[in-house]
Trainee: 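Would you mind keeping the following structure in view while I ask a few things?
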Amino acid sequence: MPPVRVRFAPSPTGYLHIGGARTALFNWLWARKEKGTFILRIEDTDRERSTTQSVQAILDGMKWLGLDWDEGPGVEGPHAPYFQTQRLAIYEKSADELIAKGRAYRCVCTKEELDKLREQAAKEKRGFKYPGTCRDRGIPKGTKGAVVRFRMPDEGATAFRDLVKGEITTQHKELQDEVILRADGVPLYNFGAVVDDVTMEITLVARGDDHIVNTPRQILMYQALGYPVPVFAHLPMILGADKQRLSKRHGAVSVLQYRDDGYLPHALLNYLARLGWSHGDQEIFSPGELVEKFDWEHVGATAGVFNPEKLLWLDQQWIKRTPLPELAAHLEPLLAARGVKADPERLRNILPLVLERAKTLVEMADQIVTFFRTGVSFDEAAAKKNLTPETRPLLEEARKLVAERIGEGAPALEAGFRDLAARKGLGLGKVAQPVRVAVTGTTVSPPLFETLVLLGRDESLARIDAAISRIGG
RNA sequence: GGCCCCAUCGUCUAGUGGCCUAGGACGGAGGCCUCUCACGCCUCAAACAUGGGUUCGAAUCCCGUUGGGGUCACCA
């Protein structure tokens, strides 16, 4: 068996979206598992819609996810260039070959003429098919405005065995002579993809199942060109909650949006992999495990609904599993955006405290900043309920306790507070809650005693004092 | 509409003819733990779309129906 060569071939007409990312992921996984080659090819033949910003956005998305490519933009390789618009000569040569073989021909029918016929057919509720007007006219190379059409066989059928969908057969009478090369030499999708997959020696094509209809046509082109046909794997669509194909209407669909929303790339990778693929009952997979365990047998054939809540859960799981230094690195830009330049050593001590109660990095950052600021802003409702003349004596005693024993560590502080509560005939919660509000401004926080210790003596006392004076009286 | 694909809890899925009284996960409900919030743990509710076959036996194989999706460009 020849070495595995797979590719992800996005068209740069927007950001890298969830569906594209999953296609890229499955290709990447297969390449890495088989020690093959993963190629990134930019299909920028739609000159109207392709932009360099989109190319950059796709590259950035891939990099953030850790889907590194062995050949493609930036790394090049033996089949460079990897932008289709830079490969025009190759398509022209292939098209000429096809014409010489009688498998394609030049055509001067205008789009306007054809659109008219199409409209007419629609009005009469008939299917439209290119009538083959130019099939045998022998229009020569160089004719102004001439496109190249592929000549589809009139009879018979083409079948292939898809790795996820199984046997798929298409009758040739369903096919029509489609344009493969525009007058300006820019290829259309089916042709460009085939020529590139051939020249780049692609062995397996994994893409969205919206391409199933294209596959028989492409197979016919491989055959006409005299090349071996790769294996195909058509991945089911990703749907929104309304079971419609996932789109902007469904909210966040850009991979980089998830980065900005505080998701870990491993979490998104994990989620995307499990959406359409499974390995028994296992839910959590590191990228390494994915590479090790991925297989086509367990890729499902059913379209899947994107479930943001499960992704959120996975993110939380990955926050808990990510090594602290790595987590700190992910957090750094978020903290910087909040005006905090965190001392690494201190941050490392704080992380374990907030890690358990955050589902995203954004939530974590929001919980961390209080440790690096002086003073606190009070949640009105929390203050009103907990910072009252009744709790003032408690706060004063708590202050004394903190002043005396904070140096002994969190367990000692806790013992002291339990003592205090017992003396007052109260539960620990009754004493701790006002102090929590005093120190954090809210009723929700990491464990109080650890929080105090991490805040340090001076800041803890300052905050308690501020709370007491807020009560006044 | 033609053609193609798909069909297990609300969602992601396990299941490849007997191990299925259909398993896991998210979400939901209840509980335990507890200084708050989380985490964790326990329990519960929740599905084989439908009708025919094939077979000793079907969630698993075949056919129809229904439902959903895709595609019908000089877009990809």
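To find a chain, count down the sequence lines: A is the first, B the second, and so on, and within it residues start at 1.
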Trainee: Is A/Arg357 paired with A/Glu363 through a side-chain N to carboxylate O contact shorter than 4.0 Å?
Mentor: no
Trainee: Heavy atoms only, 4.0 Å cut-off, all strands: where does A/Val305 land among base, sugar-phosphate and nothing?
Mentor: sugar-phosphate
Trainee: Scan A/Gly300 against the nucleic acid and name what it touches under 4.0 Å (heavy atoms): base, sugar-phosphate only, or nothing.
Mentor: nothing
Trainee: Any donor-acceptor pair under 3.5 Å between the side chain of A/Asp281 and the base of B/G23?
Mentor: yes
Trainee: Taking only the side-chain nitrogens and oxygens of A/Ser278, find out if one of them lies under 4.0 Å from OP1 or OP2 of B/A14.
Mentor: yes
Trainee: Over all strands shown, is A/Gln84 touching base, sugar-phosphate only, or nothing at heavy-atom distances under 4.0 angstrom?
Mentor: nothing
Trainee: Once you apply a heavy-atom cut-off of 4.0 Å, does A/Phe417 come out as touching a base, just sugar-phosphate, or nothing?
Mentor: nothing
Trainee: To the nearest Å, give me how far apart CZ (A/Phe191) and P (B/A76) are.
Mentor: 13 Å
Trainee: For B/C26, give the paired nucleotide (Watson-Crick: N1-N3 plus N6-O4 or O6-N4; G-U: N1-O2 and O6-N3; both under 3.5 Å), or none.
Mentor: B/G10
Trainee: Could you tell me how far B/U43 sits from B/G70 if I compare only their P atoms? Round to whole Å.
Mentor: 41 Å
Trainee: Separation of A/His17 atom NE2 from B/A76 atom P, in whole Å?
Mentor: 15 Å
Trainee: In whole angstroms, how far is the C1' atom of B/A38 from the CG atom of A/Leu351?
Mentor: 16 Å
Trainee: When rounded to the nearest Å, what value does the distance between C1' atoms of B/G24 and B/G18 take?
Mentor: 22 Å
Trainee: Is any side-chain nitrogen or oxygen of A/Arg418 closer than 4.0 Å to OP1 or OP2 of B/C35?
Mentor: yes
Trainee: CG of A/Leu175 versus P of B/U71: gap in Å, rounded?
Mentor: 16 Å
Trainee: 5'-most contact on RNA chain B: A/Gln171 or A/Val444, nearest heavy atom basis?
Mentor: A/Gln171
Trainee: Expected output is a numbered-order residue list: members of residues 118-133 of chain A with a heavy atom under 4.0 Å from any atom of RNA chain B. What is it?
Mentor: A/Arg118
Trainee: From the list B/G24, B/C3, B/C74, which nucleotide is the closest neighbour of the side chain of A/Val179?
Mentor: B/C74
Trainee: How far, in whole Å, is B/G10 from B/G28 if one measures between their C1' atoms?
Mentor: 9 Å
Trainee: Which nucleotide, in any strand shown, forms a Watson-Crick or G-U wobble pair with B/G51, with both distances under 3.5 Å?
Mentor: B/C63
Trainee: Can you measure A/Leu188 atom CG to B/C74 atom P for me and round it to whole angstrom units?
Mentor: 8 Å
Trainee: Give one of base, sugar-phosphate or nothing for A/Ser445, where a contact means two heavy atoms less than 4.0 Å apart.
Mentor: base
Trainee: Atom CD of A/Glu356 and atom C1' of B/A38: how far apart are they, to the nearest Å?
Mentor: 8 Å
Trainee: Between A/Ala183 and A/Val164, which is nearer to the 5' end of RNA chain B once each is assigned its nearest nucleotide?
Mentor: A/Val164
Trainee: Less than 3.5 Å apart, any donor N or O on the side chain of A/Ser247 or A/His17 sitting next to an acceptor on the other?
Mentor: no
Trainee: Round to the nearest Å and state the distance from A/Gln218 atom CD to B/A76 atom C1'.
Mentor: 11 Å
Trainee: Which of these nucleotides, B/C26, B/C75, B/C39, is closest to any side-chain atom of A/Lys320?
Mentor: B/C39
Trainee: Is the centre of the A/Phe306 ring less than 6.0 Å from the centre of the A/Tyr271 ring?
Mentor: yes
Trainee: Can you figure out which of B/U36, B/G27, B/G24 approaches the side chain of A/Gln433 most closely?
Mentor: B/U36
Trainee: Select one nucleotide: of B/C35, B/C4, B/G70, the one nearest the side-chain heavy atoms of A/Ile168.
Mentor: B/C4
Trainee: Among the candidates B/U11, B/U71, B/C74, find the nucleotide nearest to the side-chain atoms of A/Asn307.
Mentor: B/U11
Trainee: Between A/Arg249 and A/Asp242, is there a side-chain N and carboxylate O pair less than 4.0 Å apart?
Mentor: yes
Trainee: Using the C1' atoms only, state how far B/U34 lies from B/G67, rounded to an integer number of Å.
Mentor: 49 Å
Trainee: For A/Thr45, which contact category applies under a 4.0 Å heavy-atom criterion: base, sugar-phosphate, or nothing?
Mentor: sugar-phosphate
Trainee: Kindly say whether, by distance alone, the side chain of A/Arg357 makes a donor-acceptor pair under 3.5 Å with the base of B/C39?
Mentor: no
Trainee: Looking at the side chain of A/Gln316, which of B/A76, B/C39, B/C74 is the nearest nucleotide?
Mentor: B/C39
Trainee: Looking across every strand, which nucleic acid part, if any, lies under 4.0 Å from A/Thr302 by heavy atom: base, sugar-phosphate, or nothing?
Mentor: sugar-phosphate
Trainee: Among the candidates B/C35, B/C5, B/A76, find the nucleotide nearest to the side-chain atoms of A/Asp46.
Mentor: B/A76
Trainee: I'd like the P distance from B/G53 over to B/C44, given in whole Å.
Mentor: 38 Å
Trainee: Measure from the side-chain heavy atoms of A/Val213 and tell me the nearest of B/C35, B/G70, B/A76.
Mentor: B/G70
Trainee: Side chains of A/Thr158 and A/His172: any donor to acceptor distance under 3.5 Å?
Mentor: yes
Trainee: With rounding to the closest Å, how many angstrom separate the C1' atoms on B/A14 and B/C72?
Mentor: 37 Å
Trainee: Examine distances only and state if a side-chain atom of A/Asn27 and a backbone atom of A/Ala206 form a donor-acceptor pair shorter than 3.5 Å.
Mentor: yes
Trainee: How is A/Gln282 classified with respect to the nucleic acid when contacts are heavy atoms under 4.0 Å: base, sugar-phosphate, or nothing?
Mentor: nothing
Trainee: From C-beta outward on A/Met237, which listed nucleotide comes closest to its side chain: B/G27, B/A76, B/G70?
Mentor: B/G70
Trainee: Without hydrogens or angle criteria, can the side chains of A/Lys385 and A/Gln433 be said to hold a donor-acceptor pair below 3.5 Å?
Mentor: no
Trainee: Indicate, with a heavy-atom threshold strictly under 4.0 Å, whether A/Asp162 touches base, sugar-phosphate, or nothing.
Mentor: nothing
Trainee: Is A/Gln317 close enough to B/A38 that one of its side-chain N or O atoms is under 4.0 Å from OP1 or OP2 there?
Mentor: no
Trainee: Could you please name the option among B/U71, B/C6, B/A76 that lies closest to any side-chain atom of A/Arg245?
Mentor: B/U71
Trainee: Which part of the nucleic acid, if any, lies within contact of A/Glu43, taking any heavy atom under 4.0 Å across all strands shown: a base, the sugar-phosphate backbone alone, or nothing?
Mentor: sugar-phosphate
Trainee: Can you check the distance between B/A59 and B/C19, where both ends of the measurement are the P atom (answer in whole Å)?
Mentor: 9 Å
Trainee: Before accepting this row, confirm whether a basic side-chain N of the pair A/Asp196/A/Arg41 lies closer than 4.0 Å to the acidic partner's carboxylate O.
Mentor: yes
Trainee: Run the salt-bridge test on A/Arg149 and A/Glu178 with the 4.0 Å N-O cut-off and return the result as yes or no.
Mentor: no
Trainee: Under 6.0 Å between the ring centres of A/Tyr189 and A/His211?
Mentor: yes
Trainee: It should be established whether A/Lys359 places a side-chain nitrogen or oxygen under 4.0 Å from OP1 or OP2 of nucleotide B/C39.
Mentor: no
Trainee: May I ask you to check whether A/Phe449 and A/Phe417 place their ring centers less than 6.0 Å from one another?
Mentor: yes
Trainee: Output yes when a side-chain donor or acceptor of A/Thr391 lies under 3.5 Å from a complementary backbone atom of A/Leu394, and no otherwise.
Mentor: no
Trainee: Rounded to the nearest Å, what distance is computed from the CD atom of residue A/Gln176 to the P atom of nucleotide B/U71?
Mentor: 16 Å
Trainee: B/G1 pairs with which nucleotide, Watson-Crick or G-U wobble, both distances below 3.5 Å?
Mentor: B/C72
Trainee: Name the nucleic acid region contacted by A/His298, choosing base, sugar-phosphate or nothing; use a 4.0 angstrom heavy-atom cut-off, strictly under.
Mentor: base
Trainee: Mind checking A/Pro236 for me? I need base, sugar-phosphate or nothing, with any heavy atom below 4.0 Å counting as a touch.
Mentor: nothing
Trainee: Name the nucleic acid region contacted by A/Ile212, choosing base, sugar-phosphate or nothing; use a 4.0 angstrom heavy-atom cut-off, strictly under.
Mentor: sugar-phosphate
Trainee: Under 4.0 Å between a side-chain N or O of A/His279 and OP1 or OP2 of B/U13?
Mentor: no
